[in-house]
Protein chains: 2
Amino acid sequence: MSQIVPIKSATLSEDIAQQLINAIVTGDIPQGSKISEPELAKRYGISRGPLREAIVKLEGLGLVTRTANVGARVIELNLADMLDTFTIREALEGMAARLAASHMPTTEVDSLYALLDKHQAFLDDNQDEHYAQQGGNDDFHLRIIQASGSQKLIRLLSHELYAVIRMYRHHTADQRSDPRQALREHKAILDAIANQEGDLAELLMRRHISRACRLLQQAMEQSTHSTQ
Amino acid sequence: MSQIVPIKSATLSEDIAQQLINAIVTGDIPQGSKISEPELAKRYGISRGPLREAIVKLEGLGLVTRTANVGARVIELNLADMLDTFTIREALEGMAARLAASHMPTTEVDSLYALLDKHQAFLDDNQDEHYAQQGGNDDFHLRIIQASGSQKLIRLLSHELYAVIRMYRHHTADQRSDPRQALREHKAILDAIANQEGDLAELLMRRHISRACRLLQQAMEQSTHSTQ
DNA sequence: TCAAGCTATATTGTCGACAATGTTTGTTTT
DNA sequence: AAAACAAACATTGTCGACAATATAGCTTGA
């Protein structure tokens, strides 16, 4: 439970915040565990000042909860919270798809089609399936979010929600996703965006996320205790 | 530009954060202005430690932006950002209405009908019209959000987004809202929720917010310079 | 033996001071 | 006179120490 790799940011506080985010998302700092300021300060070799600022930021990201005069704890993952998280994601990312349908330039549309073709090739070759399944999936989604042009959507989704979502993925060993089905859905969404059909794009994105949610739910119900 | 009323919270940091939120939302600390740590620390009679933690929290709420080694500034209100904000609100609060249609107990439905009746009475008597127009409006919306049962929706909307929305209201003098039309829309939304028609409730809520957004937009375009 | 209260310990919250970075002012040079 | 450099100043970032609160362990009493 370590990996104290300095990320060299402008300020110690940001640096530590990023390290803590990584540590929590990957499970390096386990869910539900207490955040001890003296311990972490010693581990990272900093004082408690910037560390506390980082913790306040984590609270804002919803990765830890704080109680006055008691301290911070990493959130605990459970089914209800996961469903809650994906409800938000469905609403926001559906809206992002709608906006992308109006805003996305044709060059970016083409670029995304190329990306999906690459995913298709990965699947056909069965080569590095995991990439297409995880990173590739996020890649597509993040670019749709970017294309929405909404600064607040970008921040809420890319920087805040996705931390928790990745945390759920990391903590759910078995990922019974169906990459080919996901890719089909991605293509349908992109088609709608290319045709500037905002309503349809939103609808398809919401269904797509809802389906991913159900898959994750099944995986979680399967391994109720293996996730601790 | 003062009002240093202690709010007596468990911790100085929370206290100051709440005071700063109020000060920014009401315009006591003007939009775009620099947040000087020494100045504020002296004004509130605290040290810079808890003040900085409060500022980090404000950054998380999107009320200030920070630059490393330079400091924090209050956000600047403008049309694009307002439209962006209401886009998020439309997506999230639409989802809240949908969930409320499934979750809201009949007792709460009745209670909300009573609330709307009270608003109706206020309007008919033309007595304290401003209350029904502002506080009452928020009252209704916040209770729908509560009824969604989603902790994350409640937090995102009630605690984060609404701060910025209130800021826009405070900074836009002329509020050409049509309280009677708003009330009609509220009733329609509540009807859909009472009938457990989630799709309809979401649709109506989104239209309702979209309309409020357009009204605010007109008011802002009117007084482009009076809002500074 | 268990519960309640007290004491000792550890952790969080706050403070003032120092270091590092940005900003402003004044000077010099072209 | 304008631009570039330098020094003085102010602000932010970080630190270690102290105060306040919570937790753990021990003692006492029923």
Side-chain angles (χ1 to χ4, degrees), chain A residues 1 4-21 23-24 28-76, chain B residues 1 4-21 23-24 28-76:
Chain A
M1 178 214 200
I4 313 173
V5 184
I7 302 184
K8 211 52 185 173
S9 180
T11 165
L12 255 183
S13 176
E14 294 175 25
D15 216 4
I16 292 302
Q18 199 54 54
Q19 298 220 32
L20 289 180
I21 291 172
I24 291 175
D28 225 12
I29 301 179
Q31 56 168 311
S33 66
K34 179 148 197 328
I35 300 284
S36 166
E37 295 180 8
E39 180 191 328
L40 284 181
K42 201 169 66 179
R43 165 131 43 116
Y44 290 104
I46 61 171
S47 89
R48 282 176 48 225
L51 174 61
R52 283 176 60 86
E53 293 180 12
I55 294 175
V56 172
K57 180 172 178 177
L58 292 203
E59 185 187 24
L61 294 178
L63 289 177
V64 307
T65 58
R66 292 204 317 158
T67 315
N69 293 314
V70 173
R73 301 196 84 91
V74 180
I75 58 168
E76 301 216 35
Chain B
M1 178 213 199
I4 313 172
V5 184
I7 303 184
K8 213 52 186 171
S9 178
T11 165
L12 254 183
S13 177
E14 296 175 24
D15 217 2
I16 292 302
Q18 198 54 54
Q19 299 221 32
L20 289 179
I21 291 172
I24 290 175
D28 225 13
I29 301 180
Q31 56 168 312
S33 67
K34 178 143 199 326
I35 301 285
S36 164
E37 294 180 8
E39 180 191 327
L40 284 181
K42 201 170 66 178
R43 163 131 44 119
Y44 290 105
I46 62 172
S47 88
R48 281 177 49 224
L51 174 61
R52 282 176 61 86
E53 293 181 12
I55 294 175
V56 172
K57 180 171 180 179
L58 291 204
E59 185 187 23
L61 294 178
L63 289 178
V64 307
T65 58
R66 292 204 317 158
T67 315
N69 293 314
V70 174
R73 299 196 85 91
V74 179
I75 58 167
E76 302 216 35

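In what follows, chains carry the letters A, B, and so on, assigned in the order in which the sequence lines appear, proteins first and then strands, with residues in each chain numbered from 1. Because the structure is predicted, anything quoted here is derived from the model rather than measured.
- Legend: residues meeting side chain to side chain contact (heavy atoms under 4.5 Å, CB included) with B:Ala72, ordered by chain and number and at least two apart, are B:Ile35, B:Ile55, B:Val64, B:Arg66.
- Considering CG of A:Leu51 and CD1 of A:Ile16, their distance stands at 7.0 Å, rounded to 0.5 Å.
- Here the CZ atom belonging to B:Arg52 is positioned 12.5 Å from the CZ atom belonging to A:Arg52, to the nearest 0.5 angstrom.
- Here the side chains of A:Leu20 and A:Leu63 are not in contact, with every heavy-atom distance at 4.5 Å or above.
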(request) Take nucleotides 8-18 of chain D nucleotide by nucleotide from the 5' end and write B, S or -, depending on whether a protein heavy atom sits under 4.0 Å from the base, only from the sugar-phosphate, or from neither. (result) ---SBBBB-B-
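- A distance of 5.5 Å separates CG in B:Leu58 from CD1 in B:Ile21, rounded to the nearest 0.5 Å.
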